[in-house]
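First up is the structure itself, then whatever we jot down about it.
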Amino acid sequence: MARPRQFDEERVLLAVRDQFWDAGYAATSLEDLLRVTGLGKGSLYAAFGDKRRLFLRALRSYTDVSHGYLREMLDSTPRALDALRTFVMAPVSDAGAARRGCLMANSTCELATADPDVLTEARRTYEATTALVAECVVRAQDEGDVPPDADPIETARALLAAQQGLVFMGRTGMEIGTLTATARSLVDQLLPGATTS
């Protein structure tokens, strides 16, 4: 009979996620993973598989949690236009977050051309994000803040492209004031009428 696991799987996944997020996939060694999880090699591999499978699991967990937060933010903001503005402005919420970037965006840049599973996960993530944002665009149309003839999916893709561009620019070390000004300019152009204070 198999012994029950003696560790918190969610805590381990969070530690692994942060390691990959900070260092990237290639620069993360097995020793790094053992150090941040506090597990032995046998326990780690028995529970999660090899480094690649562990990475993919951490990446999927990250995107699922992120989509939960995004849905909550979009649905709970009183005016949809302000929720869309918050979505675009998210990468400039603080300098540390801007430098760290987004685990999915970072992983896509590092691995999507070489790893079909990462590419599939990236496409799944960005399609799901687009769908959530498009729902909010429809609400903004119903509230009279987005033109009724705007295509919700195309508008959502434009907002996502703007947001991910800010993520990329933040990773380059762009000064947070400059990055924030760029974000406000994007909001003003893509969402006329949104408050960018």
Test of understanding: clusters of I, L, V, M, F, W, Y form through side-chain heavy atoms closer than 4.5 Å, transitively. Do [X] and [Y] belong to the same one?
| X | Y | answer |
| --- | --- | --- |
| Val167 | Met104 | no |
| Val88 | Val138 | no |
| Leu132 | Phe87 | yes |
| Met169 | Val92 | yes |

Within a strict 4.5 Å, meaning less than it, do heavy atoms of the [X] and [Y] side chains meet?
| X | Y | answer |
| --- | --- | --- |
| Leu30 | Tyr45 | yes |
| Leu74 | Glu135 | no |
| Val133 | Leu160 | no |
| Leu54 | Leu13 | yes |
| Tyr62 | Trp21 | yes |
| Arg60 | Glu121 | yes |
| Thr125 | His67 | yes |
| Leu59 | Leu103 | yes |

From [atom1] ([X]) to [atom2] ([Y]), nearest 0.5 Å:
| X | Y | atom1 | atom2 | value |
| --- | --- | --- | --- | --- |
| Arg17 | Glu10 | CZ | CD | 9.0 Å |
| Leu56 | Ser107 | CG | OG | 9.5 Å |
| Leu190 | Ser185 | CG | OG | 9.0 Å |
| Thr28 | Phe55 | OG1 | CZ | 9.0 Å |
| Phe48 | Thr37 | CZ | OG1 | 8.5 Å |
| Leu186 | Leu159 | CG | CG | 9.5 Å |

For [X] and [Y], indicate whether the former's side chain and the latter's backbone hold a donor-acceptor pair under 3.5 Å.
| X | Y | result |
| --- | --- | --- |
| Glu175 | Gly177 | yes |
| Asp22 | Arg100 | no |
| Arg171 | Arg99 | yes |
| Ser43 | Leu39 | no |
| Thr178 | Met174 | no |
| Gln163 | Pro91 | no |

Taking the basic N atoms (NZ, or NE/NH1/NH2) and the acidic carboxylate oxygens, is any pair closer than 4.0 Å for Glu9 and Arg57?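 Between Arg57 and Glu9 there is a salt bridge, with a charged N closer than 4.0 Å to a carboxylate O.
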Problem set entry | Salt-bridge present (Asp32, Arg35; N to O < 4.0 Å) |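 Yes, Asp32 and Arg35 are salt-bridged.
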For a side-chain contact (heavy atoms from CB on, under 4.5 Å) check, start with the C-alpha distance between Gln164 and Tyr126, then their side-chain angles and the critical distance, and finish with the verdict. CA-CA 10 Å; Gln164 289 296 292; Tyr126 294 130; 3.3 Å; yes
Taking atom CD of Glu72 as the centre, report whether more than 12 heavy atoms of other residues, nucleotides or ligands fall under 6.0 Å from it. no
Q: Answer yes or no: does atom CZ of Phe168 have more than 12 heavy-atom neighbours from other residues, nucleotides or ligands under 6.0 Å?
A: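 12 or below, so no.
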- Query: Between Asp82 and Arg79, is a salt bridge (Lys or Arg N to Asp or Glu O under 4.0 Å) present by the stated rule, with each step listed?
  - Reply: CA-CA 5 Å; Asp82 292 328; Arg79 278 200 89 71; 5.6 Å; no
inquiry  = Between Arg139 and Asp75, does the salt bridge (Lys or Arg N to Asp or Glu O under 4.0 Å) criterion hold? Intermediate values first, please.
reply    = CA-CA 10 Å; Arg139 185 161 64 97; Asp75 290 347; 5.5 Å; no
If you look at every heavy atom in Ala140 and Leu84, which pair is closest and at what distance?
->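 Closest heavy-atom pair between Ala140 and Leu84: CB-CD1, 4.1 Å.
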Distance-only side-chain donor-acceptor flag, Arg124 / Thr63, under 3.5 Å = yes
_As a quick check of understanding, evaluate side-chain contact (heavy atoms from CB on, under 4.5 Å) for Thr130 and Ile153, giving each step before the final call._
CA-CA 7 Å; Thr130 298; Ile153 293 291; 4.2 Å; yes
### Message
Working note: Gln141 + Leu81, criterion side-chain contact (heavy atoms from CB on, under 4.5 Å); need CA distance, chi angles, decisive distance, verdict.
### Response
CA-CA 9 Å; Gln141 288 175 315; Leu81 186 67; over 6 Å; no
### Query
Where do Asp117 and Thr120 land on the side chain to side chain donor-acceptor pair (under 3.5 Å) test, with the steps shown first?
CA-CA 5 Å; Asp117 289 329; Thr120 297; 5.2 Å; no
On the ring face of Tyr25, is Lys51 found with NZ or CZ under 6.0 Å from the centre and within 45° of the axis?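 Yes, Lys51 lies over the aromatic ring of Tyr25.
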